[in-house]
Number of protein chains: 2
Amino acid sequence: MSRGPEKQFDPEVALAKAMKVFWARGYEAASLAELLEHMGIGKKSLYDTFGNKRSLFLKALDHYAQTEVKAIRDQLLAPGSPLENLEQVLQHLQQQHSLPGSQGCMLGTNIADFDTDEVEIASILRYHLQATEDAFCIAIDRAQKAGEINTAASSRNLARLLLCTTQGMALIGRVLEDEVLLRSTVEATLALLKTV
Amino acid sequence: MSRGPEKQFDPEVALAKAMKVFWARGYEAASLAELLEHMGIGKKSLYDTFGNKRSLFLKALDHYAQTEVKAIRDQLLAPGSPLENLEQVLQHLQQQHSLPGSQGCMLGTNIADFDTDEVEIASILRYHLQATEDAFCIAIDRAQKAGEINTAASSRNLARLLLCTTQGMALIGRVLEDEVLLRSTVEATLALLKTV
DNA sequence: GATAACCTATACCGATTGGTCTAAGTTAAA
DNA sequence: TTTAACTTAGACCAATCGGTATAGGTTATC
């Protein structure tokens with residue numbers, strides 16, 4: 001089982017497991033026992049490697065942003081038709097948040113979990129929301145200039161609308177068991193955007 | 001101070017206070033000490049009157065739906081121009097969730113806080129989301145038939161979109177300190193809806 | 001084989017949780 | 001004035017929390 005004096009478990013893998021627990025359960029509800037069980041390591045290893053529960057959470061939140069959120073942004077800014085990129089992102093989000101057991105967006109659930117007076121966490125959340133808004137804005141701007149979507153609102157305003165809508169989708173997907181509502185939302189969004 | 005063998009405090013007032021605490025802090029984070037302090041009653045009175053913490057929470061959640069959420073629905077279905085009603089609701093939500101210390105929508109924060117396996121709470125949340133969606137749908141349907149808003153999407157789909165968008169606004173308003181984002185969101189939403 | 005590094009498991013700690021219960025005080029009615 | 005209903009304050013309980021420390025086992029290197 002063990003491999004010697006070098007790290008006998010992969011911290012990246014353990015962090016990814018911790019991320020899933022925090023994502024699904026939230027910071028407070030994720031107990032150390034639950035984290036240890038899913039991470040498959042001992043309590044001492046956790047504290048030696050990640051500090052304490054809070055710093056483990058911050059690393060897990062960063063890991064989420066570097067994987068899940070960044071994938072969305074990359075897809076938005078991918079080469080090719082900006083409208084198609086937008087459509088694919090929205091449909092991907094719809095499918096993801098319609099899956100049974102969907103846990104929403106880790107940014108959104110933590111907005112709900114933490115107060116603003118938690119300045120460190122609030123600034124992390126704000127940063128990634130802003131980055132997502134900016135990616136939406138760039139894609140929309142390209143699509144508008146290509147004549148593919150509505151110009152009745154500025155790309156910046158539309159980007160902010162899409163940020164709110166997608167956060168709402170992620171949130172509501174947690175509690176609804178069918179995908180009808182999210183499907184309708186994406187359908188309506190695209191119909192409005194395409195009204196030229 | 002006391003008034004005799006009948007209730008010496010108003011349970012409705014105490015419940016409203018409890019609602020605010022649960023709204024602001026969430027179920028788990030709202031400690032009994034905090035609830036008692038804000039409600040201004042003793043621990044024994046709380047348990048005698050409201051049962052336990054969970055049943056107090058359920059009553060508080062119901063109280064929220066009967067006041068805050070119902071006000072939105074009533075405004076949507078008020079007589080007069082359906083488009084104006086919609087505009088007023090969106091602007092009212094924007095202002096409310098832009099206030100410093102805004103705590104979002106109590107439905108939304110609890111969607112984030114509870115897992116779906118909490119069937120009693122999940123069904124309450126689903127019920128009020130559905131009622132809100134229906135109110136949006138009726139208002140939109142009226143506005144479409146009056147030729148006031150876009151018919152590129154069905155009233156049902158647009159209602160679901162507005163439900164997601166407003167939940168996202170309430171959520172994001174918790175963490176942003178200025179009202180720019182929510183203002184842009186409402187502006188874009190109305191611009192798209194009015195594109196005929 | 002000894003050593004050092006890493007691991008899991010677990011005992012233990014102080015603090016806090018929701019909840020129960022008792023004691024003492026207040027007020028209206030009999 | 002006695003009684004009953006209601007109150008607050010707070011002692012108390014078992015359970016759980018995050019976190020620390022210790023003990024014992026495994027493996028690679030020397």
Side-chain angles (χ1 to χ4, degrees), chain A residues 1-61 109-110 113-115 117-118 120-121, chain B residues 1-61 109-110 113-115 117-118 120-121:
Chain A
M1 206 70 67
S2 299
R3 300 193 317 268
E6 73 275 12
K7 279 265 184 286
Q8 292 177 21
F9 64 91
D10 187 339
E12 284 292 320
V13 173
L15 181 59
K17 298 282 185 69
M19 179 196 74
K20 289 187 179 179
V21 176
F22 280 128
W23 187 359
R25 310 267 292 126
Y27 177 72
E28 296 284 353
S31 69
L32 275 185
E34 201 173 356
L35 287 164
L36 294 175
E37 185 186 349
H38 284 83
M39 295 170 78
I41 66 175
K43 193 182 278 196
K44 185 155 195 315
S45 301
L46 189 153
Y47 278 85
D48 286 348
T49 308
F50 300 104
N52 57 16
K53 186 187 178 185
R54 188 183 179 86
S55 73
L56 172 63
F57 170 76
L58 292 176
K59 290 180 174 68
L61 186 57
T109 54
N110 282 299
D113 282 349
F114 288 98
D115 276 358
D117 55 19
E118 296 259 17
E120 186 176 13
I121 290 172
Chain B
M1 209 67 67
S2 299
R3 300 193 316 267
E6 71 276 10
K7 280 267 183 284
Q8 293 176 21
F9 63 92
D10 187 339
E12 283 293 320
V13 173
L15 181 59
K17 299 282 185 68
M19 179 197 73
K20 289 187 180 179
V21 176
F22 281 127
W23 187 359
R25 309 267 292 125
Y27 177 72
E28 295 284 352
S31 69
L32 275 184
E34 199 173 356
L35 287 165
L36 294 175
E37 185 184 350
H38 285 83
M39 295 171 77
I41 67 175
K43 193 182 279 196
K44 186 152 195 317
S45 300
L46 190 153
Y47 278 85
D48 286 348
T49 309
F50 300 104
N52 57 16
K53 187 187 179 186
R54 188 182 179 86
S55 71
L56 172 63
F57 171 76
L58 292 177
K59 290 180 175 67
L61 186 58
T109 53
N110 282 299
D113 282 349
F114 288 97
D115 276 359
D117 54 18
E118 296 260 15
E120 186 176 15
I121 291 174

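This is a predicted model, so every value here is computed, not measured.
The CD-C1' distance, from A:Glu34 to D:dG18, rounds to 15 Å in whole Å. To the nearest angstrom, C1' of C:dC6 lies 15 Å from CG of A:Leu46. Rounding to whole angstrom units, CD of residue A:Glu37 and P of C:dT8 are separated by 14 Å. Taking atom CE of A:Met39 as the reference point, atom P of D:dG18 lies 13 Å away to the nearest angstrom.
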Sub-3.5 Å pairs of nitrogen or oxygen atoms, protein against nucleotides 12-20 of chain C:
from, atom 1, to, atom 2, distance (Å)
C:dG18, OP1, B:Lys53, NZ, 2.7
C:dG18, OP2, B:Leu32, N, 3.1
C:dG19, OP2, B:Tyr47, OH, 2.7
C:dG19, OP2, B:Lys53, N, 3.0
C:dG19, O5', B:Tyr47, OH, 3.2
C:dG19, N7, B:Lys43, NZ, 3.4
C:dG19, O6, B:Lys43, NZ, 2.8

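Within the structure, every side-chain polar atom (N or O) of B:Ser45 is placed at least 4.0 Å from both OP1 and OP2 of D:dC6.
Scanning for side chain to side chain donor-acceptor pair (under 3.5 Å) contacts around B:Ser31 gives an empty result, with sequence neighbours left out. Every side chain to side chain donor-acceptor pair (under 3.5 Å) that A:Asn52 has, sequence neighbours left out, goes to A:Ser55. For A:Glu28, there are no side chain to side chain donor-acceptor pair (under 3.5 Å) partners, not counting sequence neighbours.
The aromatic rings of A:Phe22 and A:Phe57 lie perpendicular to each other, with more than 60° between the two planes, well past the 30° mark.
The salt bridge (Lys or Arg N to Asp or Glu O under 4.0 Å) contacts involving residues 36-52 of chain A comprise A:Lys44-A:Asp48, where partners must be two or more places apart or lie in separate chains.
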Pairs of donor and acceptor atoms involving the side chains of residues 11-20 of chain A, under 3.5 Å and at least two apart or interchain, shall be tabulated with distances.
none

